[in-house]
Amino acid sequence: MKDKIVVALGGNALGKTPREQLELVKNTAKPIVDLIQHGHEVILAHGNGPQVGMINLAMSTASNSEAGTPEMPFPECGAMSQGYIGFHLQNAIREELLNRSMNVPVATVVTQVVVDKDDPAFQNPTKPIGAFYSEEEAKILQASKGYTMVEDAGRGWRRVVASPKPIDVAEKDTVSTLVNNGHVVITVGGGGIPVVREGNSLIGVPAVIDKDFASEKIAEILDADYLIILTAVEQVAINFGKENEEWLANLTTEQAAKYCDEGHFAPGSMLPKVQAAMAFAKSKPGRKALITSLEKAEEGIEGKTGTLITF
Ligand code: ADP
Ligand code: MG
């Protein structure tokens, strides 16, 4: 059966530096193009933690130095990361398609994801970004720029931003039109550029939307059949890293909810993936989600590995 599939790529698909990324995307492109070759419609999403961190750090270092470059707001850093990650991904996929004599257009959409300005996450920012500062510097930044600064595990002080939930995708009609016309689209990169609605305006906010939740949102909006989250592990485990560790091939949303409550999935890494998978599987009958590794994507789709989450 030909499915509409949203594939969310994790950090290991892109690496940590632009040079590393340029190499890694060649491999990343292969399982994606396998899916396209089998006739599936593929929409790609990806993370941007190291990339947006690097841009933000570089821009703030340059602006605090003698170079005195202008300050680059955080949402703009996110937009930059979508641009260069998309540049690498779309070229790698294009090349892999051409190598298989397939003529399929690929494009990246700079994507804004709407969040609620009253999302409770804004009251409790949790995502550390950018450089480490001394306590004194942190206090100055707090006073002068209104940043929330916290002490990060003994390593120094850092700015933290909120991680609100995605509520809508601003470019959904564009993405949908492209997908329906046979284009492979790279969208909601890094969880999307977080924006709030103010009348006719979309205003960028300094925040990080979890890419697993943003991928789930766009999968629902596009009426996808399948959400595939590709990460560094082949399956989801309970008692992860313990002696009684158990890898799971199948998971109902009900079981998953129980395991979430029991604390089997690490917050900020496996938990958002399982939560996104549950939300998608519950959103409409027949929808399913798969969590597996980039390397095992093909086998995962064939039902041979991975963790399949169904209602
Ligand atoms: P990504 O960049 O793909 O989002 P993350 O590092 O955020 O990757 O999350 C994936 C990681 O979650 C895995 O590599 C694994 O180390 C970790 N993890 C935490 N809890 C679990 C669990 N219960 N089962 C499997 N992996 C887990
Ligand atoms: Mg992650």
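Order of appearance sets the numbers: ligands from 1, and atoms from 1 within every ligand.
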Would you mind checking which non-hydrogen protein atom is closest to atom 23 (N) of ligand 1, with the distance to 0.1 Å? Ala237 O, 2.7 Å
Is Asp225 reaching over with its side chain to a backbone N or O of Asp3, donor-acceptor style, under 3.5 angstrom? no
Answer yes when Lys172 and Asp168 have at least one side-chain N-carboxylate O distance shorter than 4.0 Å, and no when they do not. yes
How about Thr111 and Glu171: does a side-chain donor come under 3.5 Å of a side-chain acceptor? no
Look at Glu96 together with Arg100 and state whether they make a salt bridge at an N to O cut-off of under 4.0 Å. yes
Looking only at non-hydrogen atoms, which of Pro50, Ser269, Ser293 approaches atom 9 (O) of ligand 1 most closely? Ser269
Closest to atom 26 (N) of ligand 1 (heavy atoms only, candidates Lys273, Met270, Glu234, Glu245) is Met270
Ion pair Glu71/Lys145, N-O distance below 4.0 Å: yes
Heavy atom of Gly268 under 4.0 Å from ligand 1? yes
Please list the nearest protein heavy atom to atom 16 (O) of ligand 1 with its residue and the distance rounded to 0.1 Å. Phe240 CZ, 3.5 Å
Which ligand 1 atoms does Gln235 reach within 4.0 Å, using its non-hydrogen atoms? 25 (C)
Minimum distance, heavy atoms only, to atom 2 (O) of ligand 1: which one of Gly11, Ala8, Pro272, Gly241 is it? Gly11
Knowing that exactly one of Val195, Val196, Val169 qualifies, which makes a side-chain contact (heavy atoms from CB on, under 4.5 Å) with Val114? Val195
Under 4.5 Å between any side-chain heavy atoms of Val160 and Thr126, yes or no? no
Just checking Phe311: does its CZ atom have more than 12 heavy atoms from other residues, nucleotides or ligands closer to it than 6.0 angstrom? no
Within reach of ligand 1, part of Lys211 (heavy-atom separation under 4.0 Å): side chain
Any idea which part of His264 is under 4.0 Å from ligand 1, heavy-atom wise: side chain, backbone, both or neither? backbone
What are the atoms of ligand 1, with element, lying closer than 4.0 Å to any heavy atom of Ala232? 14 (O)
Looking only at protein heavy atoms, identify the closest one to atom 8 (O) of ligand 1 and say how far it is in Å. Thr231 OG1, 3.2 Å
